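Presented below is the structure to which this report refers.
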Number of protein chains: 2
Amino acid sequence: MKINPADLNQVNVLKEAPIEDLNLLVEKSILRSVEEDSFYFFQGDPAKYAYVLVTGRVKLVQSNPAGQQVNLRTIKQWEIFAALGAIRPEAVYPVAAQALEPSSALAIESSLLRDMMQTRPYLNFGLMQLMTGYIQEMQERYRELATEKVERRLALTILRLASQIGHKSGGQIELPLSQQDIAEASGSTIYTVSRTLSEWEKRGLIETGRGRIVMRNPHGLVEIAEGAESA
Amino acid sequence: MKINPADLNQVNVLKEAPIEDLNLLVEKSILRSVEEDSFYFFQGDPAKYAYVLVTGRVKLVQSNPAGQQVNLRTIKQWEIFAALGAIRPEAVYPVAAQALEPSSALAIESSLLRDMMQTRPYLNFGLMQLMTGYIQEMQERYRELATEKVERRLALTILRLASQIGHKSGGQIELPLSQQDIAEASGSTIYTVSRTLSEWEKRGLIETGRGRIVMRNPHGLVEIAEGAESA
DNA sequence: ACTCTTCTTTGCTTAAGCGCAAATAACAAA
DNA sequence: TTTGTTATTTGCGCTTAAGCAAAGAAGAGT
């Protein structure tokens, strides 16, 4: 498959990039395709490449020594990920990147990105915007995990994921994630997720299926997220 | 009080700044002093200033709608904080900044910082380094909160705080924080913190006092943090 | 030295939600 | 269709740590 450089303008960080820069990026980078469940990189690998996801979906996960993992972010088409390596030359990936479905991504050498940043203010600003967004989101999620009960956290997680990777399908927002994914993204377990989602389904808030969640009544979820009690 | 511009070189982000820039910063900024427990700003305020802490200690906290709060970071002398506002002009502070003791900080207009970034690569790189560090730390803390039990999390929190704001005192590292602060930084409660610290004190790992913790055996804490069971 | 305030400790109770086990359901591949 | 695999559901017991209440200890101010 070939990438059309002009498509890279859909990448947030690159939306103001001149076409010459996009050509340069495509020319100097390679397209890496991986099958479902394979990894682009593992936690602890030297951060040699930054990636732009061209097709598919990828999740960034972090594991503790015992192997339990949390979902830090799900990447969709034309999002950049693993760009942090471009900042610190000796960095290692602090997370692993695993494909949720067959995916392909443009692997850009960290050093190329670093060199380009020297002379291209739009890149600096774009990356900084991206990073401040990450920081704020992680701070919020951290607070939620520390202070909110599971049900509310689950609602917050699902709403957040819906805005990030949900896609419309017949007027409703659908989330292509397993309950395992939701559990790892919300800091809970598949058992509690299943119980809660079933309960919500009974109340007509959502519709569940194997590996997907359809939002029937987003406003109801917002109410749960913001404090309405279940009974 | 007056600030000696050359002192600003102790700020990580500014360590490569030429003296003219430091002069400019001091000249265009104002020194704000606040007493203990007062706030430099509140969560939700327009992010008009970035700060460099000159004396004292400041904590960055985030509250949920119910008022429960978490401790996201403790700032010590010559650290920069609230710099995110410089990236997005319309930003509001996502956290509040409260003085842990009488403090003074240089208030730098976000727009000044933003303008300076246009022509000073060292500033861009410095801020990016700072931000990547934040992101990685928050990701780790998030995973810890999601996957580790309290005792281990407490050990991790105390070790992290020791490296960030601990100071040597008689060959040992001392942490000038109340148990309330520890609870808010680790995502726990004062009751559990008290019980755990008492237990550790009995085992000779630490020494506690009103508003401070002295590490007697850091290695023992590392063992708890990394998985040794207590019994 | 005395008083007030704030921080810390500890016993007790309880709710939340984890996690095993086993059943059921959904999908994929042959 | 059949079989195998993986995801979801649900009952049940149990652990963890939250949180109230009340006492004790340590400072700060007068």
Side-chain angles (χ1 to χ4, degrees), chain A residues 35-37 64 66-71 98 100-102 144-155 157-158 175-202 206-214 224 229-231, chain B residues 35-37 64 66-71 98 100-102 144-158 175-203 206-214 224 229-231:
Chain A
E35 53 192 33
E36 185 165 348
D37 292 340
N64 72 357
Q68 282 173 89
Q69 56 183 44
V70 293
N71 243 0
Q98 184 174 24
L100 284 166
E101 48 190 71
E144 288 168 10
L145 200 47
T147 65
E148 312 293 354
K149 293 218 208 310
V150 215
E151 190 186 25
R152 195 180 298 188
R153 242 161 54 217
L154 264 175
T157 301
I158 286 176
L175 220 47
L177 293 172
S178 71
Q179 301 195 0
Q180 176 80 49
D181 291 323
I182 305 285
E184 284 173 7
S186 63
S188 180
T189 63
I190 48 172
Y191 312 111
T192 300
V193 169
S194 172
R195 280 182 257 266
T196 309
L197 294 189
S198 297
E199 168 68 23
W200 289 350
E201 185 154 30
K202 277 195 204 102
I206 58 169
E207 206 180 299
T208 66
R210 193 190 169 101
R212 87 206 158 82
I213 297 170
V214 181
I224 293 174
E229 275 315 306
S230 37
Chain B
E35 51 193 34
E36 185 165 349
D37 293 340
N64 72 357
Q68 282 174 89
Q69 56 182 45
V70 293
N71 241 358
Q98 184 174 24
L100 285 167
E101 49 189 71
E144 288 168 10
L145 200 48
T147 65
E148 312 293 354
K149 294 218 207 313
V150 211
E151 189 185 26
R152 195 179 298 189
R153 243 162 52 218
L154 266 174
L156 288 160
T157 301
I158 286 177
L175 222 46
L177 294 172
S178 71
Q179 300 194 2
Q180 177 80 48
D181 291 324
I182 306 285
E184 285 173 7
S186 64
S188 180
T189 63
I190 49 171
Y191 312 110
T192 301
V193 169
S194 173
R195 280 184 255 267
T196 309
L197 294 189
S198 296
E199 168 67 24
W200 289 350
E201 184 155 29
K202 277 196 204 103
R203 286 203 259 154
I206 58 170
E207 205 180 301
T208 66
R210 193 188 169 103
R212 84 204 160 83
I213 298 170
V214 182
I224 293 174
E229 274 315 306
S230 37

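Order of the sequence lines fixes the chain letters, A, B, ..., with proteins taken first and strands second; residue numbering starts at 1 for each chain. This is a predicted model, so every value here is computed, not measured.
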Worksheet entry | Contact summary for T189(A) and A183(A), nearest pair of heavy atoms | C-CB, 3.6 Å
Discussion item. Just so I know, are the side chains of E144(A) and N64(B) near enough to count as touching, which here means a heavy-atom distance under 4.5 Å?
Written reply: no
Worksheet entry | Side-chain ion pair, R203(B) and E199(B), N-O less than 4.0 Å | yes
Item to complete: Whole angstrom is fine here: how far is it from CG in L177(A) over to C1' in dT8(D)?
Response: 15 Å
Worksheet item: Starting at CD of E199(A) and ending at C1' of dT10(D), how long is that distance when rounded to a whole Å?
Response: 14 Å
Worksheet item: R210(A) CZ to dT5(D) C1': how many Å, rounded?
Response: 8 Å
Worksheet item: Between atom CG of D37(B) and atom CD of E35(B), what is the distance when rounded to the nearest 0.5 Å?
Response: 8.5 Å
Worksheet entry | Nearest-angstrom distance from the residue atom CD of E151(A) to C1' of dA15(C) | 15 Å
Item to complete: Return no unless some side-chain N or O of Q180(A) is found under 4.0 Å from OP1 or OP2 of dT8(D).
Response: no
Worksheet item: Does T208(A) place a side-chain N or O at less than 4.0 Å from the phosphate oxygens OP1/OP2 of dT9(D)?
Response: yes
Discussion item. Quick check: do W200(B) and I213(B) have side-chain heavy atoms less than 4.5 Å from each other?
Written reply: no
Worksheet entry | Between C1' of dA18(D) and CG of L154(B), the distance in whole Å | 14 Å
Discussion item. What residues from residues 187-194 of chain A pass a heavy-atom cutoff of under 4.0 Å to DNA chain D?
Written reply: Y191(A), S194(A)
Worksheet item: Nearest to the side chain of R195(A), which nucleotide is it out of dT6(D), dT9(C), dG19(C)?
Response: dG19(C)
Practice prompt. Whole angstrom is fine here: how far is it from CG in L145(B) over to P in dA18(D)?
Written response: 10 Å
Worksheet item: When the nearest nucleotide of DNA chain D is assigned to K149(B) and to K202(A) on a heavy-atom basis, which residue is associated with the more 5' position?
Response: K202(A)
Discussion item. Contact between L177(B) and L100(B) at the side-chain level, heavy atoms closer than 4.5 Å - yes or no?
Written reply: yes
Practice prompt. Could you work out which one of dT16(D), dG17(C), dT9(D) sits closest to the side chain of V150(A)?
Written response: dG17(C)
Worksheet entry | Atom pair distance, as rounded to whole Å: CZ in R212(B) and P in dT6(C) | 21 Å
Item to complete: Provide the closest heavy-atom pair for T147(A) versus Q68(B) in the form atom of the first, atom of the second, distance.
Response: O-NE2, 3.6 Å
Item to complete: Round to a whole Å and report the spacing from CD of E101(B) to C1' of dT6(C).
Response: 17 Å
